[in-house]
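Everything below concerns the one structure shown next.
One is the number of the first residue; the rest follow in order along the sequence.
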Amino acid sequence: MHFIADFHIHSHYSMATSKESCPEHLSQWAKLKGLQLIGTGDFTHPGWTKELEEKLEPAEEGLFKIKEEYSKGLHVPKACEESVRFILSAEISSIYKKNGRTRKNHNLILVPTFEDAKKINQVLNRIGNIRSDGRPILGLDSHDLLEIALDCCPQVMFIPAHIWTPHFSLLGSRSGFDSLEECFEDLSGAIFALETGLSSDPAMNWRLSALDKYALVSNSDAHSPPNLAREANCFNAELSYSGIKEALQKKESGNFLGTIEFYPQEGKYHFDGHRNCGVCWDPGKSREAEGICPQCGKKITLGVMYRVMELADRPEGSKPASALPYESIIPLPKIIADFCQVGEKSKKVQQTYFHLLTELGSELEILRTIPIQEIKAFSNSLLAEGIRRARVGEVDIFPGYDGEYGKVKIFNEKDRQKFSSQMSLFGLKGPAVPADSKEKKVESGVKKNEKILAKSKKCESGQENENPSGKNDSWFSQLNPQQKECVVSSKGPILIIAGPGTGKTRTLVSRIAYLVQQGKVPPENILAITFTNKAASEVKERIGKIVSLDTESPTITTGTFHGFCSTLLKKELKKPKSLIADYEAISIVKDILSKHSFSPPLPKAKHLVQLISKIKSHGWALDIADLQNYQQEIKEVMANFKKSKKIDEEQFTHFFSLYQDHLEKYQLLDYDDLLLETLQLLESNPALKEKYQKQFSHILVDEFQDINEIQYLLIKLLAGAGSELFVIGDPDQAIYTFR
């Protein structure tokens, strides 16, 4: 049976991964991409293993499929509909000393049963913390990890991961070994496959005769479902665990057909360099400079190409007799984005992507096998030409280096002019992006039967709700029927839409009183978020008047988003960054403007601070690289900002990086970073996230209409399943209508 597999991925329990990395969406995106088999990732995490056992069921020997009830309602075009199987997989990071050097190796482990996974987990749990991250970091020799895996599961597939990455790999320049035998010693014979990683391809690995006997596999190492299949493996074998293992062990059998590859120049560590100084070199230039950055005098990061040349015993272009074929691809959204001249995550790219999938089939089919003429019939000549060029390598790629992905250029202005009369595709309205894949849109999806609407000036007559406690509490008797319904409702999440003068704050305070007095919710489990410090003080004062709290015991947490985040960071970080006021941010910007020349000139410092805040409020600036991912969205923000219409985008990006570098250098946070830092901390630390979700079992938010996207994401994260979330507001009273 022919099938395509991607073994190395991560769950939402791993650091810096999408919350959408769950079995349902992984299965959905595997279909969209054209994969028939994917790894589960992260089976070492107890929470993820529990979720997998709940949502998967056995399929072929050693493989699993998603249960039908968890796949309903996920949007997949008919042209992409195909069954998907899962194989249990995990990546483990080992940091240890060997032969006088610190080693940092990542290894991929695949097993056929949950029992095998649990046996491995039991042993690893005695060695280190496997609950803190989906990809645990253990002080465990890779040799010993392999020995544990073999003892627990003799059928294990143990694959050294992305073997050339400088910092965390078997052969990496910073912490690796010069040979597989040096790492695994007497157990080296148990290794039969190696993962080449995004920054190398099989041709680079063919230069080392020592690697000839291994199956060279390629995987996406995806941290979000849309990144599946950027690298993958092709089989014509029995679709089973033992069939896959045999195909890799006996690569000469012809059951393992080869790999689908990133162009290695796209990888983050293909060339050498120093990102902070903008230095990117090929290996020859690095040798001339003896690996020293000319800007700062520090050692540069030696990339994959350098390390391959260092260990190679064959000239470039060598191909051993046992070599399997491979083909290089460029992800379809990247091709569309270059065509549209917008960011990959822009609405235009997403609509076009799903239009093509609906009409033609999966992404891998479009990139690899569907005739160019057929693609042209459903798009246009230039886009079809771009896919053809990607297939044959007629593209320009500025190589990646020191953690920076390579930049792909497919079209130039001459191409656009040549095909300008045929650029009509994007006037078509393709199918909407699946709603379940949109992570940053405020959901309208509070179910109708779970909404309580307190309408302004339209209180309907009806039977009064009785006092739930049977007591003559004056606070309760002062509420109207609609307010009482809101206060005592047991269904959630609850969204209250209430106009001016309808008693929003009274309703929120009464809800808290009800939870404490009748609902028996401990005060310390309640979090009340307000929009201003004044409102927070008012809520606190009014609660105190109707709820008798023990002054010696923990109390209700009330405050603004910023106040809450500041308290959390101070509590959880050993060395929290210092918060700067707006005037200090303006001072920093003025200093940057005085030291650097920007042409055309940028707006005044205070206006730049306002623009930065608008951009960060969407959650787009957790990392400076995000500016590249959200170019179109940022363009729209700038277009709607009256002081920024003449800003040169390249100049602004340069300025923004200088501003962020200054904050990082002096360990500072502006007001927006305060929220971003908190969100990032909780997202990257599942144990900490779970701690706060348990602590704040009941969350109430006032003036909900005025929160921004980053505040929404923070509330969504803290609320977990959201059953006890209570929010109140009025869209007609929104202060920030531009949102």
Side-chain angles (χ1 to χ4, degrees), residues 6-33 35 38-43 45 47-48 51-52 55 66 70-71 74-76 84 86 89-91 132-135 198 219-231 268 331-334 343-347 349-350 353-354 363 405 433-443 445 618-623 625-626 628-630 633 675-690 693 709-710 712-722:
D6 183 355
F7 300 118
H8 186 173
I9 69 169
H10 290 283
S11 74
H12 57 86
Y13 284 95
S14 278
M15 187 178 294
T17 52
S18 166
K19 294 185 289 296
E20 300 293 311
S21 293
C22 58
E24 302 95 308
H25 292 113
L26 289 169
S27 176
Q28 174 195 26
W29 277 92
K31 293 178 182 181
L32 297 174
K33 295 288 180 175
L35 295 168
I38 55 173
T40 61
D42 301 353
F43 73 58
H45 195 283
W48 182 236
E51 186 173 344
L52 291 172
K55 296 178 178 179
I66 193 160
Y70 291 103
S71 61
L74 296 176
H75 174 77
V76 176
V84 172
F86 288 83
S89 66
E91 182 186 23
S132 63
D133 194 86
R135 181 187 62 200
L198 299 181
N219 301 293
S220 66
D221 196 359
H223 285 225
S224 67
N227 276 335
L228 287 171
R230 54 186 178 179
E231 292 203 329
K268 293 195 291 186
L332 184 56
K334 197 180 288 286
E344 288 179 52
K345 296 182 180 180
S346 68
K347 185 177 181 181
V349 170
Q350 295 299 304
Y353 179 79
F354 282 96
E363 179 176 344
Y405 280 110
V433 181
D436 44 76
S437 72
K438 296 179 182 177
E439 296 175 31
K440 295 189 177 180
K441 293 291 184 184
V442 177
E443 297 169 357
H618 291 279
W620 294 336
L622 289 170
D623 188 290
D626 274 3
Q628 301 300 323
N629 294 332
Y630 292 98
E633 290 85 346
L675 305 181
L676 292 166
E677 189 93 342
T678 304
L679 183 66
Q680 190 175 46
L681 176 65
L682 293 174
E683 285 183 331
S684 64
N685 191 326
L688 191 64
K689 177 179 71 173
E690 186 177 358
Q693 286 177 341
E709 284 193 54
I710 196 71
Y712 171 75
L713 291 171
L714 191 58
I715 286 295
K716 188 176 179 184
L717 183 147
L718 289 169

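- Note that the OG1 atom of Thr17 and the CZ atom of Arg135 stand 10.0 Å from one another [nearest 0.5 Å].
- Not counting sequence neighbours, the partners of Lys334 by the side-chain hydrogen bond (donor to acceptor under 3.5 Å, both in side chains) test are Glu344.
- By the ring pair (Phe, Tyr, Trp, His ring centres under 6.0 Å) test, Tyr13 pairs with His45, sequence neighbours left out.
- Nearest approach of Ile66 to Ser71, heavy atoms of both residues: CG2-CB, 4.0 Å.
- To the nearest 0.5 Å, the span separating CG on Asn685 from CD on Glu690 amounts to 10.5 Å.
- When the side-chain hydrogen bond (donor to acceptor under 3.5 Å, both in side chains) test is applied to Ser11, the partners found at least two apart in sequence or on another chain are Asp42.
- A donor-acceptor pair is defined here as one N or O able to donate and one able to accept, closer than 3.5 Å; no such pair exists between the side chain of Asp6 and the backbone of Leu228.
- For the side-chain hydrogen bond (donor to acceptor under 3.5 Å, both in side chains) test, no residue two or more places apart in sequence or in another chain qualifies with Gln693.
- Between Lys689 and Glu683, none of the side-chain N atoms (NZ, or NE/NH1/NH2) sits under 4.0 Å from a carboxylate O, so this pair counts as no salt bridge.
- Counting heavy atoms from C-beta on, the side chains of Leu35 and Trp29 never come closer than 4.5 Å.
- In summary, the side chains of Glu91 and His8 do present a donor paired with an acceptor at a separation below 3.5 Å, with no hydrogens or angles considered.
- Judged purely by distance below 3.5 Å, without hydrogens or angles, the side chains of His12 and Glu20 never pair a donor atom with an acceptor atom.
- In this structure a side-chain-to-backbone donor-acceptor pair under 3.5 Å is missing from Asn219 to Asp221.
- Legend: residues meeting side-chain hydrogen bond (donor to acceptor under 3.5 Å, both in side chains) with Glu231, ordered by chain and number and at least two apart, are absent.
- Of the inter-residue distances, the one linking Leu26 atom CG with Lys55 atom NZ reads 10.0 Å to the nearest 0.5 angstrom.
- Distance alone, capped at 3.5 Å, places no donor-acceptor pair between the Glu51 side chain and the Cys22 backbone.
- One distance of note links OG of Ser18 with CG of Asn227; it measures 9.5 Å at 0.5 Å rounding.
- For the pair Pro686/Ser132, no side-chain contact is recorded, criterion being any heavy-atom separation below 4.5 Å from C-beta on.
- In terms of heavy-atom proximity, Ile38 sits nearest to Ala30 at CG2-CB, 4.0 Å.
- Side chain of Thr40 to main chain of Ser89: a donor-acceptor pair is present (N/O by atom type, distance under 3.5 Å, no hydrogens or angles).
- Checking each of Leu676, Leu681, Leu682 against Thr678 for a side chain to side chain contact (heavy atoms under 4.5 Å, CB included) leaves exactly one that passes, namely Leu682.
- Pairing each heavy atom of Glu24 with each of Tyr70, the nearest pair is CG-O, 3.0 Å.
- When every heavy atom of Ala229 is checked against every heavy atom of Lys33, the shortest pair comes out as CB-CB, 3.8 Å.
- Considering only residues two or more places apart in sequence or on other chains, Lys31 meets the salt bridge (charged side-chain N to carboxylate O under 4.0 Å, His left out) condition with Glu81.
- Rounding to the nearest 0.5 Å gives a distance of 15.5 Å between CG of Leu332 and CZ of Arg230.
- The line from CG of Leu675 to CG of Leu714 is 6.5 Å long, rounded to the nearest 0.5 Å.
- In this structure the side chain of Trp48 reaches within 4.5 angstrom of the side chain of Pro23, judged on heavy atoms.
- Counting all heavy atoms, side chain and backbone alike, Met15 lies closest to Ser684 at CG-CB, 3.5 Å.
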